[in-house]
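In what follows, a structure is listed as structure tokens, so that the remarks can point back to it.
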Protein chains: 2
Amino acid sequence: MFERPLNREATVADVARRAGVGKSTASRALGSYGSVSSEVRLRVLAAAEELDYRPNEVARSMNTGRSRTLGVIVSDIENPYFSVATRGITDAANASRYNVILANTSENLEAEIHAVRVFLDKRVDAIIVAPSSAYQIEHLKAIRTSGRPLVLLDRKVPGLDAVSVEVSIAPAAHEATSRLVELGHTRIAYISSLQTDGDSFAGFPLGISSVEDRLHGILDALKEAAIRPDPELIRFKVVTMERTAEVIEELLGLADPPTAILASDSTIARDILLALRERDVGIPANVSVIALDDFPWSPLTGPPLTVVSPPIYEAGFAAAVAAIDAIEERTAKPVALQARVIYRNSHGPAPTRSVG
Amino acid sequence: MFERPLNREATVADVARRAGVGKSTASRALGSYGSVSSEVRLRVLAAAEELDYRPNEVARSMNTGRSRTLGVIVSDIENPYFSVATRGITDAANASRYNVILANTSENLEAEIHAVRVFLDKRVDAIIVAPSSAYQIEHLKAIRTSGRPLVLLDRKVPGLDAVSVEVSIAPAAHEATSRLVELGHTRIAYISSLQTDGDSFAGFPLGISSVEDRLHGILDALKEAAIRPDPELIRFKVVTMERTAEVIEELLGLADPPTAILASDSTIARDILLALRERDVGIPANVSVIALDDFPWSPLTGPPLTVVSPPIYEAGFAAAVAAIDAIEERTAKPVALQARVIYRNSHGPAPTRSVG
DNA sequence: TTGTAGGCGTTATCAC
DNA sequence: GTGATAACGCCTACAA
């Protein structure tokens with residue numbers, strides 16, 4: 001059924017022969033560089049048309065060393081955060097006639113290292129990655145030593161020669177937290193899927209900028225309200241639905257349980273909502289929920305979710321623009337992206353406590 | 001900042017020189033084919049290690065004619081349907097050491113044609129596409145004449161030499177419709193984003209299998225219940241949020257408005273829910289809603305959405321497996337995929353009519 | 001088992 | 001303005 005027919009594709013040599021010119025002349029006419037007499041150009045173009053000539057991009061890449069391809073490494077394209085960012089990346093890439101090659105890592109460092117190696121072997125022109133670790137970065141350094149631009153999506157890694165496209169979440173996270181405090185909440189939990197590694201500060205991890213950013217926003221708001229943050233309420237490495245359910249169970253079982261929960265991303269938010277619903281915990285009657293991430297269905301959850309909405313599409317777009325600018329040796333101007341709070345109905349006044 | 005260093009990557013020739021052997025011997029040792037004495041193999045491998053040699057996949061592609069790359073063309077990676085399918089594709093591709101290159105078309109035929117051309121120029125080994133039209137298929141035929149396998153995701157196109165990975169929706173659509181009928185619904189609307197073109201049957205388009213499939217399930221169920229389908233309640237080409245709102249407005253304004261609405265996919269479902277909520281139409285009190293598609297947030301909408309859930313990840317996975325089997329000239333066994341109904345709370349008894 | 005000599009299709013160099 | 005000719009890095013006869 002799928003036997004490969006032997007009719008070879010036409011090459012420059014074929015076109016040249018048919019047009020009665022030399023190979024290099026044909027190549028010049030087709031590639032529109034160097035100088036060709038307009039008469040010859042027309043003849044070559046006509047021959048190409050007749051033979052249905054299409055340049056072999058692989059051969060072209062081999063010779064130029066460029067592939068017009070961007071390698072994109074995300075943890076999971078199913079996650080709306082990354083699918084939206086990827087759409088931004090492909091749209092920007094497309095506009096500059098670049099292509100996008102995709103790899104999922106499932107937040108697995110080994111997979112990320114592998115993806116980098118494969119992309120480098122395939123001679124992508126640049127790599128855009130949302131790195132899973134801020135500490136194991138030899139493979140990322142290898143990208144730079146190979147001479148290719150590296151763009152970090154959403155996370156900044158210190159000591160790495162790379163462009164970072166960051167969305168500032170802190171101000172919006174601060175605003176959302178302050179709003180909760182205004183509504184009487186003093187026990188505010190934060191649940192994150194982040195795989196922490198490396199140093200920590202007052203029990204909280206440090207190093208991956210987007211986390212610091214979210215946390216700083218939250219902690220600053222608490223500090224301003226003279227609320228001492230309780231390490232018990234800050235949970236990292238919550239990666240599965242089961243783990244989320246456990247954490248919710250633990251939090252609700254606390255002597256002084258949280259009255260509000262902040263979710264680091266949309267997947268965590270979903271699992272939290274699921275766990276709360278299973279336990280018939282009223283939202284926002286018993287506990288307020290705010291997601292520090294947005295997704296297409298957030299207006300339609302029950303109840304409609306209050307979110308901190310980061311401009312992810314724009315971040316992806318900017319990342320690809322930065323990558324392409326670097327490839328083509330233009331100096332890019334960094335864009336400043338800010339998340340904003342969208343108030344809906346999943347947050348409300350803190351419930352009055354049964355025990356004073 | 002991004003100056004390209006001049007330290008060339010090591011090539012087979014470099015490795016050969018360092019190991020003190022010929023180019024082809026080194027090549028054999030590295031590629032583990034042909035015969036090499038184990039002593040020489042070790043020497044070559046050591047040299048490669050020392051030089052940090054990595055094969056140039058572009059050069060390899062150039063003379064094998066294969067790129068170990070799958071081209072994937074979807075309308076929008078932001079759509080959970082396609083992001084989940086793409087995850088399935090990349091997972092299957094990865095397992096066989098293939099890569100995935102991605103293009104979005106926004107349901108635009110021109111963009112699809114362009115993507116096919118670019119992928120062919122880049123010498124992908126196969127193309128997986130959810131085609132936007134069942135009639136304009138010259139570009140798809142070009143894939144086959146180029147000698148590359150073509151796999152159609154979710155849609156079957158008659159007269160095209162391609163493998164189709166289909167999910168049978170009809171039985172589940174039939175079941176869901178019958179359930180609505182049991183609950184007293186006789187006015188059941190179907191809203192689809194599909195860009196119809198070509199022939200139609202009794203006012204309904206034909207040719208794109210997945211649509212036929214959904215429609216047949218619905219129409220058969222109505223027929224069994226002796227309910228005459230009303231063309232007024234079947235709407236195609238509903239592609240924007242604004243258009244969805246208009247259609248909802250029109251439907252609700254009908255003399256005999258629908259008491260249940262079937263949404264063809266999750267995006268339409270979202271827009272329908274949004275439009276109904278804006279008009280304060282109670283779900284399912286005033287109108288039942290069922291989506292003929294699933295997505296991660298369906299259990300958490302307000303109210304939790306009753307859906308026809310197709311195994312999309314599996315469909316994507318199967319599509320990539322089929323593509324790779326065809327590339328490697330294995331005969332693939334087609335997989336039968338079935339959607340199933342997940343009953344939740346967005347459907348209920350038909351409201352009693354004010355006017356008999 | 002090993003090495004030499006092409007060839008893949010393009011772009012780049014340099015005489016003419 | 002044009003056309004041989006040589007790269008790019010790999011694989012693969014074929015010969016030794």
Side-chain angles (χ1 to χ4, degrees), chain A residues 4 6-45 47-48 51-69 120-125 146-147, chain B residues 4 6-45 47-48 51-69 118 120-123 125 146-147:
Chain A
R4 184 156 297 212
L6 291 178
N7 55 345
R8 279 175 46 265
E9 317 252 333
T11 71
V12 194
D14 299 324
V15 174
R17 201 172 312 118
R18 184 171 240 267
V21 300
K23 239 177 35 164
S24 40
T25 305
S27 186
R28 276 189 290 257
L30 292 166
S32 57
Y33 71 93
S35 41
V36 197
S37 74
S38 58
E39 186 231 351
V40 169
R41 159 171 296 117
L42 287 176
R43 220 164 64 225
V44 171
L45 261 27
L51 293 173
D52 201 31
Y53 168 79
R54 300 253 75 220
N56 181 330
E57 291 295 337
V58 175
R60 182 173 283 173
S61 294
M62 157 116 133
N63 195 290
T64 59
R66 328 222 98 149
S67 57
R68 291 199 91 82
T69 301
L120 253 23
D121 290 351
K122 279 193 175 276
R123 298 298 190 266
V124 298
D125 291 338
S146 83
Chain B
R4 186 156 295 213
L6 291 180
N7 54 344
R8 280 174 45 266
E9 316 252 334
T11 71
V12 194
D14 299 324
V15 175
R17 201 171 312 117
R18 184 172 242 269
V21 299
K23 253 186 6 173
S24 48
T25 306
S27 187
R28 277 188 288 257
L30 292 167
S32 57
Y33 67 90
S35 42
V36 198
S37 73
S38 57
E39 187 231 350
V40 169
R41 159 171 296 116
L42 287 175
R43 221 164 63 226
V44 171
L45 260 28
L51 294 173
D52 202 31
Y53 168 78
R54 297 254 78 219
N56 181 330
E57 292 296 337
V58 175
R60 182 172 283 172
S61 295
M62 160 113 134
N63 68 4
T64 60
R66 328 222 98 149
S67 57
R68 291 199 90 83
T69 301
V118 171
L120 254 22
D121 290 352
K122 280 194 175 275
R123 299 299 190 265
D125 292 338
S146 83

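In the text below, chain A, chain B and the rest are named by the order of the sequence lines, each starting its count at 1. As a basis for the values below, the full set of heavy atoms in this structure was taken, side chains included, without hydrogen atoms, waters or symmetry mates.
Between the CE atom of A:Met62 and the P atom of D:dC11 there is a distance of 11 Å, given to the nearest Å. In this structure, the CZ atom of B:Arg43 is 13 Å from the C1' atom of C:dG3, given to the nearest Å. The separation between B:Arg123 atom CZ and C:dC8 atom P is 14 Å, rounded to whole Å. Rounded to an integer number of Å, the gap from B:Arg17 CZ to D:dG9 C1' is 13 Å. For the pair A:Glu9 CD and C:dT10 P, the computed distance is 10 Å after rounding to whole Å. One interatomic measurement links the two molecules: CG of A:Asn56 to P of D:dG9, which rounds to 17 Å at whole-angstrom precision. To the nearest angstrom, P of C:dT10 lies 17 Å from CZ of A:Arg68. One can place CZ of A:Arg66 at 16 Å from C1' of C:dA12, the figure rounded to the nearest angstrom.
Side-chain contact between B:Ser61 and B:Arg123: absent, with no pair of heavy atoms (C-beta onward) separated by less than 4.5 Å. Contact check for A:Lys23 versus A:Ser27: no side-chain heavy atoms found under the 4.5 Å cut-off. Considering only heavy atoms from C-beta on, B:Thr11 stays 4.5 Å or farther from B:Asn56 through its side chain. A 4.5 Å side-chain heavy-atom check between B:Asp121 and A:Val58 finds every atom pair outside the cut-off.
Listed here is the closest heavy atom pair of A:Leu45 and A:Ala29: CD1-O, 4.1 Å.
For the atom pair CD (A:Glu57) and CG (B:Leu120), the distance works out to 11.5 Å, reported to the nearest 0.5 Å.
Each of B:Arg28 and A:Tyr53 was matched to the nucleotide of DNA chain C holding its nearest heavy atom; the match closer to the 5' end belongs to B:Arg28.
Here the nucleotide nearest the side chain of B:Asn63, chosen from C:dG7, C:dA12, C:dT10, is C:dG7. Of the candidate nucleotides D:dC10, C:dG9, C:dT2, D:dC10 has the atom nearest to the side chain of B:Ala59. Closest contact between the side chain of A:Thr64 and the listed nucleotides C:dT11, D:dG3, D:dG9 involves C:dT11.
The base of C:dT10 is paired with the side chain of A:Lys23 by a donor and an acceptor separated by under 3.5 Å.
For the pair B:Ser37 and C:dT2, the criterion of a side-chain N or O lying under 4.0 Å from OP1 or OP2 is met. Within the 4.0 Å cut-off from OP1 or OP2 of D:dC11, at least one side-chain nitrogen or oxygen of B:Arg60 is found. Within the 4.0 Å cut-off from OP1 or OP2 of D:dT12, not a single side-chain nitrogen or oxygen of B:Ser24 is found.
Residue B:Thr11 is in sugar-phosphate contact alone, with no base atom involved, counting any heavy-atom pair closer than 4.0 Å across all strands shown. Note on B:Ser35: a base of the nucleic acid sits closer than 4.0 angstrom, heavy atoms only. Using a 4.0 Å heavy-atom criterion, one finds that A:Val40 contacts the sugar-phosphate atoms exclusively.
With no hydrogens or angles considered, a side-chain donor-acceptor pair links A:Thr69 and B:Lys122 at under 3.5 Å.
Rounded to 10 degrees, the angle between the two end axes of the helix from C:dT1-D:dA16 to C:dC16-D:dG1 is 40°, with five pairs used at each end.
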Listing, residues 34-42 of chain B side-chain donor-acceptor contacts under 3.5 Å, not counting sequence neighbours, or none:
unit_1	atom_1	unit_2	atom_2	d
B:Ser37	OG	B:Val40	N	3.3
B:Glu39	OE2	B:Arg43	NH1	3.3

